[in-house]
Protein chains: 2
Amino acid sequence: MFISKTSEYALRILTYMALNNETQFSAQSLYEELEIPKRYLMRLLTDLSKSGFINATRGRSGGYVFARPIETIYFSEIINSVEDLQSFEGCVLGNSVCPVDKPCALHHIWEKPKQAFLETIKTTTLADLLL
Amino acid sequence: MFISKTSEYALRILTYMALNNETQFSAQSLYEELEIPKRYLMRLLTDLSKSGFINATRGRSGGYVFARPIETIYFSEIINSVEDLQSFEGCVLGNSVCPVDKPCALHHIWEKPKQAFLETIKTTTLADLLL
DNA sequence: ATAAATTAATACTTACAGGTATTATATTGT
DNA sequence: ACAATATAATACCTGTAAGTATTAATTTAT
């Protein structure tokens, strides 16, 4: 499982845009490149626009462009915009509380993969894909 | 997100059983200890029994006991019994194909956390909780 | 002005994980 | 034998993520 399908889509869209530096991307062109159901893609683009990752312009020669430099867009922020990142931070066993002094049985075992995941998404930006 | 709620429950049940070595656990007693909806817990116990982790005995003094030594029960196996582990192995971006010679943009970035996760669950058994 | 081409808003539908209810089956103490 | 106490099987309900449909708003070429 790992991340939701919507997170997958959001990452797919933005990584594609970051890697193909065209001046602008239309929903149509993104639909043709990425394998995402068209109407869902369009709605997601509006969401990503509202979240401030991209700017939309309507009308005949409209489309989407990055609203900010891609050096400032972290994967954690993208994922967090479509699902709750908090659910990754919490206890593996889903315990409401998992206190430091008396953590759940799996706590220390889970730390390593969890940190590897969080660190990766929190320290990697879209620009890092170009390196 | 990471793992499904059902996986969480399955882990919670079996880790609890591993850590509290009573001769037998009734659904009732597990319900009182773990915070899992009762009927769902009972169904899950039957599933875990069918999967061969535990043996169930019915009737007046029935309950559940481990069917195998806990040294042989890996977390990967538990998770895999209630959801598809394959979904963790696959491409982060959910691409149907993500070929080695031309992997997706996030491929190498994702490798580290993914391997950390898979290695942990594939090399850790319930018995390791007792160490 | 008008039509074409684009995104936006909103509401609806679907699929599935998670949760519930009911009835059946097995075991054991009396 | 019978009642009590377990688990098993099966069907149903529900909430939410994912996907679809419809209509509105905006821009631009002619």
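Naming: A, B, ... by sequence-line order, numbering from 1 per chain.
Atom C1' of nucleotide D/dA6 and atom OH of B/Y64 are separated by 8 Å, given to the nearest angstrom. Look at CE on A/M42: it is 14 Å from C1' on C/dT10, rounded to the nearest Å. Remark: P of C/dT7 and CZ of A/F25 are 13 Å apart, rounded to the nearest angstrom. One can place CG of A/D47 at 10 Å from P of C/dA8, the figure rounded to the nearest angstrom. In this structure, CD of A/E35 is placed 17 Å from C1' of D/dA18, rounded to the nearest angstrom. Look at CG on B/L41: it is 16 Å from C1' on C/dA21, rounded to the nearest Å. A/L45 has its CG atom 16 Å from the P atom of D/dA18, to the nearest Å. Per the geometry, NZ belonging to B/K38 stands 12 Å off C1' belonging to D/dT7, to the nearest Å.
With sequence neighbours excluded, no residue forms a side-chain hydrogen bond (donor to acceptor under 3.5 Å, both in side chains) with A/Y31. Judged as a side-chain hydrogen bond (donor to acceptor under 3.5 Å, both in side chains), and not counting sequence neighbours, the contacts of B/T125 are B/D128. Every residue meeting the side-chain contact (heavy atoms from CB on, under 4.5 Å) condition with A/E35, not counting sequence neighbours, appears here in chain and number order: A/R12, B/S96. For B/S29, the side-chain hydrogen bond (donor to acceptor under 3.5 Å, both in side chains) criterion is met by B/S26, not counting sequence neighbours. Taking the side-chain contact (heavy atoms from CB on, under 4.5 Å) definition, one finds that A/K5 meets it with A/E8, A/Y9, sequence neighbours left out.
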Sequence-aligned protein contact record of nucleotides 13-18 of chain C, with B where the base is within under 4.0 Å of a protein heavy atom and S where only the sugar-phosphate is: -----S
Only distances under 3.5 Å count here; give the side-chain donor-acceptor pairs of residues 104-111 of chain A to other protein atoms, sequence neighbours excluded, each with its distance to 0.1 Å.
unit_1	atom_1	unit_2	atom_2	d
A/E111	OE1	A/Q115	NE2	3.3

Could you pull out all donor-acceptor pairs under 3.5 Å where a side-chain atom in residues 47-66 of chain B meets a protein atom, sequence neighbours excluded?
unit_1	atom_1	unit_2	atom_2	d
B/S51	OG	B/D47	O	3.0
B/T57	OG1	B/Q24	OE1	3.2
B/T57	OG1	B/G63	N	3.4

Quick one: side chains of residues 36-44 of chain B, donor-acceptor pairs under 3.5 Å with protein atoms, not counting sequence neighbours, listed by atom name and distance.
unit_1	atom_1	unit_2	atom_2	d
B/K38	NZ	B/Q28	OE1	2.5
B/Y40	OH	B/T6	OG1	2.8

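Contacts of residues 79-87 of chain A with DNA chain C (heavy atom under 4.0 Å): none.
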Atom pairs, N/O to N/O, protein against nucleotides 25-30 of chain D, distance under 3.5 Å?
unit_1	atom_1	unit_2	atom_2	d
D/dT26	O2	A/G59	N	3.3
D/dT27	O2	A/R60	N	3.0

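Ring pair B/Y16/B/F25 is perpendicular by interplanar angle, where above 60° counts as perpendicular and below 30° as parallel.
When distances run from any side-chain atom of B/R39 to the nucleotides D/dT7, C/dA9, C/dT22, the shortest one goes to C/dT22.
Counting only residues at least two apart or on different chains, the side-chain hydrogen bond (donor to acceptor under 3.5 Å, both in side chains) pairs with a member in residues 74-91 of chain A are A/S4-A/E83, A/S7-A/E83, A/R68-A/E77, A/E89-A/K122.
B/L14 places none of its side-chain heavy atoms less than 4.5 Å from the side chain of B/I70.
Residue A/K50 places no side-chain N or O under 4.0 Å from the OP1 or OP2 atom of C/dA8.
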